[in-house]
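Residue numbers start from 1 in every chain, and the chains themselves are labelled A, B, ... in the order their sequence lines are given, proteins ahead of strands. Computed from a prediction, not measured in an experiment: that's the story for all the values here. Values reported hereafter were calculated over all heavy atoms of this structure, with side chains retained and with hydrogens, waters and symmetry mates removed.
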Amino acid sequence: MPERSVAHSTFRIERVYDATPEQVFAAFAEPAARRRWFIEGEGWDIESCELDFRQGASEHSTFRFKGGPLIRNDTTYHDIVENERFVFSYTMEVGDNRISASLATVELKPEGAGTRLAYTEQGAHLDGHDNAEQREEGCRQLYEALALELERRRKAA
Amino acid sequence: MTQRSVEHSTIVLERTYDASPTRVFAAWSDSKALLRWGNPGEGWVTGMDRFDFRVGGASSSWFGPKDGDRFVSETHYLDIVPDERIVSASDMTVNGDLRAFVGMLTVEFHAAGHRCRMVMTEQGAFLDGHDMPANHQAGWTKMLDNLGEELASRAAA
């Protein structure tokens, strides 16, 4: 009988990007772009990926890291304000266990010629399978990957 | 031009009810029971348009003063452990399409002798100043009082 517990946490990451709010928003909204910086990465094997960045819509993706257990991400968008803000909830499962449920807010504000992105995650870490520190570190890495994607697009333009 | 802002807040409320975790969980998972106790305002009208209580399912309810503002809440279920835990994400709109709030709710049901210690955590994103944590603190306090009455009135059933 698994020991049930929930640990709640809130963390916030802020990063300034050398891109307009429209360009940063597009990196989330365009499936091909998001797949590149958000889903793909060295060691990650994507088994399925259904993206649908619309208010009220849901997304599902499954993947493995270096041949490990199947990881699943289910996301629902609750609020999207074009080029300004979106709020979504998502759960993560590893093998048979749901490890977390989270509410995430992304706010985009112009800063000089660039954009300040603020990411706030309010999480429920389930049954001791993961913790806020691991999640925050994972998210920081994602927002670094976004910087690389935006730089790549700027050079290609 | 709407001034965009997001206020993040976490509300934790705890109650011990003279009922088993199974009975308290049932009051959260039955649409008729929810309509009886889940009304945050004194004398408000309320209704449920859809109820699909399962992970991946969604429910839709509305409430408000009889001839006043109409609030609609869309809820998506993220995690359900029968008799133990419910995690859901809801968004609330006012009078049509003004989105005021998105939040994630965790409800834990713990056995405490013959009673149930219930812990409710709402992690909220309050949008553009249309809603505030104090409203939710008051609304949930009232609903959890109602839930106590619901459980007591049905104890003999």
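Within the 4.5 angstrom heavy-atom criterion, only backbone atoms of B:S5 (N, CA, C, O) approach chain A. When heavy atoms are compared at a cutoff of 4.5 Å, A:S100 does not approach chain B at all. Of the two parts of A:S5, only the backbone, made up of N, CA, C and O, holds a non-hydrogen atom closer than 4.5 Å to a non-hydrogen atom of chain B. In this structure, chain A has no heavy atom under 4.5 Å from any part of B:V119. Contact annotation for A:E93: neither backbone nor side-chain heavy atoms come within less than 4.5 Å of a heavy atom of chain B. With a 4.5 angstrom heavy-atom cutoff, B:V87 touches chain A only via side-chain atoms. Both the backbone and the side chain of B:H8 come within contact range of chain A, judged by heavy atoms closer than 4.5 Å. Neither the backbone nor the side chain of B:V12 comes within contact range of chain A; no heavy atom of the residue lies under 4.5 Å from a heavy atom of that chain. Residue B:R99 touches chain A through its side chain alone, counting heavy-atom pairs closer than 4.5 Å. Within the 4.5 angstrom heavy-atom criterion, no atom of B:S88 approaches chain A.
By the 30° and 60° cut-offs, the orientation of the rings of A:Y90 relative to A:F88 is tilted.
Taking the six-membered ring for Trp, B:W28 and B:F53 have ring centres at least 6.0 Å apart.
Sorted by first and then second residue, the ring-ring contact (aromatic ring centres under 6.0 Å, His included) pairs with a member in residues 91-145 of chain A read A:Y119-A:Y143; sequence neighbours excluded.
Looking at B:R23 and B:E150, no side-chain N of the basic residue comes within less than 4.0 Å of a carboxylate O on the acidic one, giving no salt bridge. The pair A:E107-B:R4 does not count as a salt bridge, with every side-chain nitrogen at least 4.0 angstrom from each carboxylate oxygen.
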B:E122 and B:H136: CA distance, side-chain angles, deciding distance, side-chain hydrogen bond (donor to acceptor under 3.5 Å, both in side chains) verdict: CA-CA 9 Å; B:E122 181 177 83; B:H136 286 236; 2.7 Å; yes
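A donor-acceptor pair is defined here as one N or O able to donate and one able to accept, closer than 3.5 Å; such a pair exists between the side chain of A:R34 and the backbone of A:F28.
Contact tally against chain B (heavy-atom pairs below 4.5 Å) for A:V81, A:V6, A:V87, A:D74: the top residue is A:V6. Interface summary for chain A: among B:D91, B:L127, B:V81, B:V55, the most heavy-atom pairs under 4.5 angstrom belong to B:L127.
Counting non-hydrogen atoms of neighbouring residues, nucleotides and ligands closer than 6.0 angstrom, the CG atom of B:D97 reaches no more than 12 such neighbours.
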